[in-house]
Amino acid sequence: MTGDISRVIRLPDQPTLDTMALSHVPIPQPGPDDVLMRVRATSLNFHDYLVVGGFIPVPAGRVPMSDGAGEIVALGAHVTGFAVGDRVMGAFFPDWVDGIPTDLNNARISGETTDGFAAEHVVIPAHSLTPMPKGWSFAEAATLPCAGLTAWRALVVEGDLAAGDTVLLPGSGGLSVYALQIAKALGLTAIVTSSSDEKLKRLAALGADQGINYRTDPAWGKAVRALTKGIGADLVIEIGGQSSFAQSVTACRMGGRIMVVGSTANGAPELPLRDVVMHHIRVNGMAVGSVSQLRNLVSFVETHAIHPIIDRAFAIDQLAEAFRYQLTGAHLGKIAVTL
Ligand SMILES: NC(=O)c1ccc[n+]([C@@H]2O[C@H](COP(=O)([O-])OP(=O)(O)OC[C@H]3O[C@@H](n4cnc5c(N)ncnc54)[C@H](OP(=O)(O)O)[C@@H]3O)[C@@H](O)[C@H]2O)c1
């Protein structure tokens with residue numbers, strides 16, 4: 001394979017969607033503890049847009065995209081437990097294998113502080129790999145390591161929830177739709193929000209128990225209380241930033257938990273600290289999860305026959321177009337990219 005050519009997207013200095021281009025490079029060779037993966041799919045996360053849009057600075061030459069699924073085509077000399085032909089997924093934090101997050105195991109972030117998966121061939125450490133769920137396509141598997149794992153960690157690893165508890169899931173993006181699927185498999189009551197009544201109908205068809213349009217009902221925190229007999233949700237996933245955080249506090253029950261995973265809207269959140277204190281709310285920041293948590297999630301989706309909702313798939317040479325589509329907000333669930 002040495003000397004063969006592979007396609008890759010390497011970002012220039014100060015990237016924009018207009019400067020993304022494929023180039024041709026020799027196929028890299030794995031080190032002793034690495035594998036060479038033929039990447040077959042990646043998927044879009046909001047974090048990837050911040051990188052390719054130049055909002056998170058990365059060195060020139062960085063390969064973007066944190067999600068990747070493909071097949072192993074070569075093994076380093078020390079690698080055990082994997083074979084050529086295995087269908088595997090990479091990890092958002094390739095060195096966070098197990099245990100708690102640390103500065104060291106969170107230092108490398110795929111597609112940001114180390115190269116990601118917008119490439120036909122990548123060399124990655126064997127310890128970062130998780131076998132794909134059985135029966136899943138590469139495009140499906142490429143949606144799991146960031147959005148799926150974040151939803152899993154928020155609800156299951158950190159969530160401290162029991163069947164019958166109520167969760168508030170914001171918007172209809174990749175993370176929230178995964179959270180909805182996991183919540184319903186766990187017997188939770190799911191209240192969803194969206195800016196679109198049409199999407200609320202589609203979320204109801206996926207099992208959402210109640211829906212609130214956060215655009216036409218900006219005081220949606222009160223609406224959540226009304227839907228929960230004045231009690232509030234046991235757990236709220238918070239992605240909105242700005243005034244959304246105040247609504248999440250209103251939506252959260254006394255002693256409940258707010259999982260802060262993003263700030264999709266720009267600006268510093270208004271912090272209703274008195275209510276956070278007086279309502280005994282646990283505010284829990286978190287970023288994705290570990291390889292071992294992803295492996296647990298694989299067992300869960302296999303047991304519950306969950307498949308991700310993929311809104312649309314693009315080819316790798318349409319990556320900029322895929323991001324422009326994401327920015328329209330028209331999608332529900334994940335946007336995949338095949339290679
Ligand atoms: N911390 C982590 O580990 C982690 C991991 C993954 C994602 N995230 C974060 O989670 C957020 C969503 O990510 P994603 O990958 O799912 O993005 P995505 O697929 O692009 O979804 C974005 C969706 O979020 C909804 N939304 C936007 N602004 C909102 C607001 N103010 N209130 C409620 N919903 C809003 C919209 O849904 P409607 O069209 O239905 O209105 C939009 O379609 C981002 O902030 C991202 O950074 C964090």
Side-chain angles (χ1 to χ4, degrees), residues 42-51 53 55-56 65-67 91-93 96 101 106 109-112 142-155 157-158 168-181 191-204 206 208 211-221 223-224 236-248 251 258-267 269-270 284-290 293-294 308-312 322-336:
T42 178
S43 81
L44 272 60
N45 294 290
F46 191 69
H47 169 261
D48 299 313
Y49 171 66
L50 297 178
V51 172
F55 302 102
I56 294 177
M65 308 305 285
S66 67
D67 274 335
F92 186 90
F93 295 114
W96 185 11
N106 272 215
I109 299 173
S110 300
E112 182 189 330
T143 68
L144 199 67
C146 181
L149 177 53
T150 305
W152 170 254
R153 184 164 162 225
L155 297 183
V157 181
E158 313 271 352
L168 187 280
L169 310 175
S172 59
L175 165 67
S176 292
V177 172
Y178 258 125
L180 175 59
Q181 293 176 291
I191 303 176
V192 297
T193 69
S194 175
S195 57
S196 150
D197 288 341
E198 177 56 33
K199 286 185 176 180
L200 287 173
K201 278 190 205 147
R202 292 167 65 195
L203 293 170
L206 290 170
I212 302 166
N213 186 320
Y214 65 83
R215 190 156 287 161
T216 57
D217 191 355
W220 52 265
V224 174
V236 176
I237 294 183
E238 162 58 35
I239 64 167
Q242 288 281 35
S243 56
S244 166
F245 189 85
Q247 292 304 316
S248 287
I258 299 177
M259 308 301 301
V260 181
V261 302
S263 52
T264 307
N266 289 328
E270 300 159 13
N284 193 147
M286 51 155 282
V288 198
S290 68
Q293 289 163 357
L294 181 58
I309 305 299
I310 296 183
D311 180 280
R312 238 174 112 173
F323 277 110
R324 288 194 184 94
Y325 178 62
Q326 183 190 35
L327 290 176
T328 67
H331 63 291
L332 183 145
K334 292 294 297 178
I335 300 166

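None of these values were measured; they are calculated from a predicted model. When a ligand or atom number is given, it counts from 1 through the structure's own listing order.
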(message) Tell me whether G329 reaches ligand 1 (any heavy atom closer than 4.0 angstrom to a ligand atom).
(response) yes
(request) For S172, counting its heavy atoms only, list the atoms of ligand 1 lying under 4.0 Å from any of them. (result) 37 (O), 38 (P), 39 (O), 40 (O)
(message) Check whether K334 reaches the backbone of A142 with its side chain - one donor and one acceptor, N or O, closer than 3.5 Å.
(response) no
(message) Can you tell me which portion of S244 lies within the under-4.0 Å heavy-atom range of ligand 1? Options are side chain, backbone, both, or neither.
(response) neither
(message) Just so I know, are the side chains of T193 and N213 near enough to count as touching, which here means a heavy-atom distance under 4.5 Å?
(response) no
(request) Please round to the nearest 0.5 Å and tell me the distance separating atom CZ of F93 and atom CG of L149. (result) 9.5 Å
(request) Going by the side chain to side chain contact (heavy atoms under 4.5 Å, CB included) test, name the single residue among L200, L203, D311 that passes it with S172. (result) L203
(request) Give a yes/no on ligand 1: does S196 have at least one heavy atom closer than 4.0 angstrom to it? (result) no
(message) Could you report the tightest heavy-atom contact between W220 and S248, atom names first, then the distance?
(response) CH2-OG, 3.5 Å
(request) Under 4.0 Å from a heavy atom of M286: give me the atoms of ligand 1 that qualify, with their elements. (result) 1 (N), 2 (C), 3 (O)
(message) Does ligand 1 come near enough to S176 that some N or O of the ligand is less than 3.5 Å from an N or O of the residue?
(response) no
(message) Walk me through whether S244 and Y214 qualify under side chain to side chain donor-acceptor pair (under 3.5 Å).
(response) CA-CA 9 Å; S244 166; Y214 65 83; over 6 Å; no
(message) Considering both backbone and side-chain atoms of A147, is one of its nitrogen or oxygen atoms within less than 3.5 Å of a nitrogen or oxygen in ligand 1?
(response) no
(request) Measure the distances from the heavy atoms of R153 to every atom of ligand 1 and state whether one is below 4.0 angstrom. (result) no
(message) Show the atoms of ligand 1 that are less than 4.0 angstrom away from any heavy atom in G262.
(response) 45 (O)
(message) Using modelled atom types and a 3.5 Å cut-off, is there a donor and acceptor pairing between side-chain atoms of E238 and backbone atoms of V260?
(response) no
(request) Return yes when Q326 approaches ligand 1 closer than 4.0 angstrom through a heavy atom, no otherwise. (result) yes
(request) Taking only heavy atoms of G173 into account, list the atoms of ligand 1 that are under 4.0 Å away from them. (result) 16 (O), 18 (P), 19 (O), 21 (O), 23 (C)
(message) Are any of the N/O atoms on C146, whether in the backbone or the side chain, positioned under 3.5 angstrom from an N/O atom of ligand 1?
(response) no
(request) Find all atoms of ligand 1 within a distance of less than 4.0 Å from any non-hydrogen atom belonging to H331, and give their numbers and elements. (result) 18 (P), 19 (O), 20 (O), 21 (O)
(request) List every atom of ligand 1 that sits less than 4.0 Å from any heavy atom of V288, numbering the atoms from 1 in the order shown and giving each element. (result) 2 (C), 3 (O)
(request) Please identify which atoms of ligand 1 are closer than 4.0 Å to at least one heavy atom of A287. (result) 1 (N), 2 (C), 3 (O)
